[in-house]
Protein chains: 2
Amino acid sequence: MAAAAVDDRLSRVFAALADPTRRDMVARLCSGDATVSQLGAAYDVSLQAVSKHLKVLEEAGLVSRSRDAQRRPVHLEAEVFDLMTKWIERYRSEAEERYRRLDDVLAAMDGPAEGEGAVS
Amino acid sequence: MAAAAVDDRLSRVFAALADPTRRDMVARLCSGDATVSQLGAAYDVSLQAVSKHLKVLEEAGLVSRSRDAQRRPVHLEAEVFDLMTKWIERYRSEAEERYRRLDDVLAAMDGPAEGEGAVS
DNA sequence: GTCTTGGTCAACCAACGGGTTGATCAAGGA
DNA sequence: TCCTTGATCAACCCGTTGGTTGACCAAGAC
């Protein structure tokens, strides 16, 4: 049950960051909180669109919104990054470990088993 | 060629990993290459759907596909992870730095004055 | 040759995502 | 009080995506 929740969370976070505009918003929020219209000024879209983006970021847990009179300051919740880095690092280290072992095997043998193109 | 290309790449990578099935495929590929049907056996979808997922992963640069008779072994390209971690780490450290400074400021003062916002 | 295996391509469909406009709300300011 | 500002909600449009099925191709196997 915990897994599904984490899984869902991770999906939301990745999906939220798949949009360049939202990534840029996150980048801006790194240097301080901002209101919806302050954030939106940087993009050529309606305020409603900005609001939607922020909703996506909020539901992913990447930002939180409070109240200040009619303003809604947006605040970056940086802890969520941990969720991603944990996922990434886990598999990266696994993969690297495997390559290291593969190298060992190849070094132990003489002939390369197969020609692989791979590197772009 | 620089920013826009990287940006686009990043969008594709995040979008690719926003799908739990694709994340699971990546996880599986960490422990070794696999064919399309080997991968697909784990999910209750058609082979064509699996093929589509792999195409998304390939276009994001997360996997590469070679040829082995009628088989198409799928291989994880772990370097792409670096792209993500670089992006994440950059903003995370920025945000953490800001919080640290904010703590200093709050510690220096006695009463919290007011949230000014925007430290450029 | 023909058959089987492993995958891809093409067309289609329902659902989602990002954008828009119009209406509405909540809080000051005149 | 009425008006302006900051932001959200609701409905709608349209392109993309994830899934399906059916046709097809490529390489062994018989």
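Within every chain, numbering begins at 1; the chains are lettered A, B, ... in the order of the sequence lines, protein sequences first and strands thereafter.
Atom P of nucleotide C:dG19 and atom CZ of A:Arg22 are separated by 8 Å, given to the nearest angstrom. Rounded to an integer number of Å, the gap from A:Asp19 CG to C:dG19 P is 6 Å. Distance CG (A:Leu17) to P (C:dG17): 15 Å, rounded to an integer number of Å. Rounding to whole angstrom units, CG of residue B:Asp68 and P of C:dT8 are separated by 13 Å. Atoms NZ (B:Lys55) and P (D:dT17) sit 11 Å apart, rounded to a whole Å. Summarising the geometry, the separation between CG on A:Leu57 and C1' on C:dG17 is reported as 14 Å, rounded to the nearest angstrom. In this structure, A:Leu47 places its CG atom 11 Å from C1' of D:dT5, rounding to the nearest Å. Distance A:Glu58 CD to D:dC9 C1': 15 Å, rounded to the nearest Å.
Dashed line: the shortest gap from a side-chain N or O of B:His53 to OP1 or OP2 of D:dT17 is not under 4.0 Å. An OP1 or OP2 oxygen of C:dG7 is reached within less than 4.0 angstrom by no side-chain nitrogen or oxygen of B:Arg67. Between A:Ser51 and D:dT8, a side-chain N or O to OP1/OP2 separation shorter than 4.0 Å is present.
Taking every side-chain heavy atom of B:Ser37 into account, C:dG6 is the closest of D:dG19, C:dG6, D:dA7. Side-chain proximity of B:Gln70 to the nucleotides C:dG6, D:dA7, C:dA26 is greatest for C:dG6. Side-chain atoms of A:Val45 lie closest to C:dT20 of the nucleotides C:dT20, C:dG18, D:dA7. Nearest nucleotide to the side chain of A:Ala49, out of C:dA10, C:dA27, C:dT20: C:dT20. Of all nucleotides listed (C:dA27, C:dT8, D:dG28), C:dT8 comes nearest to the side chain of B:Arg65. Candidate nucleotides D:dG19, C:dT5, C:dG7 were compared by shortest atom distance to the side chain of B:Arg71, and C:dG7 ranks first. For B:Arg72, taking side-chain heavy atoms from C-beta onward, the closest of the listed nucleotides D:dG18, D:dG28, C:dG7 is C:dG7.
Ring orientation note: the planes of B:Phe14 and B:Trp87 are nearly perpendicular, at an angle over 60° on the 30°/60° scale.
Looking only at distances, a side-chain donor or acceptor of B:Thr85 sits under 3.5 Å from a matching main-chain atom of B:Phe81. Judged purely by atom type and a 3.5 angstrom limit, B:Gln38 uses its side chain to pair as donor or acceptor with the backbone of B:Thr35.
Evaluation of atom-type donor-acceptor distances gives a pair under 3.5 Å for the side chain of A:Lys52 against the base of C:dG19. With hydrogens and angles ignored, a donor-acceptor pair under 3.5 angstrom links the side chain of B:Gln48 to the base of D:dG22.
Using a 4.0 Å cut-off between charged side-chain N and carboxylate O, A:Lys55 and A:Glu58 make no salt bridge. Salt bridge status for B:Arg23 with B:Asp19: absent, with no side-chain N to carboxylate O gap under 4.0 Å. The pair B:Arg12-B:Asp8 meets the salt-bridge criterion, with a side-chain N (NZ, NE, NH1 or NH2) lying under 4.0 Å from an Asp/Glu carboxylate O.
Residue contacts for B:Thr35: at a heavy-atom cut-off of 4.0 Å it reaches the sugar-phosphate backbone alone, with no base atom in range.
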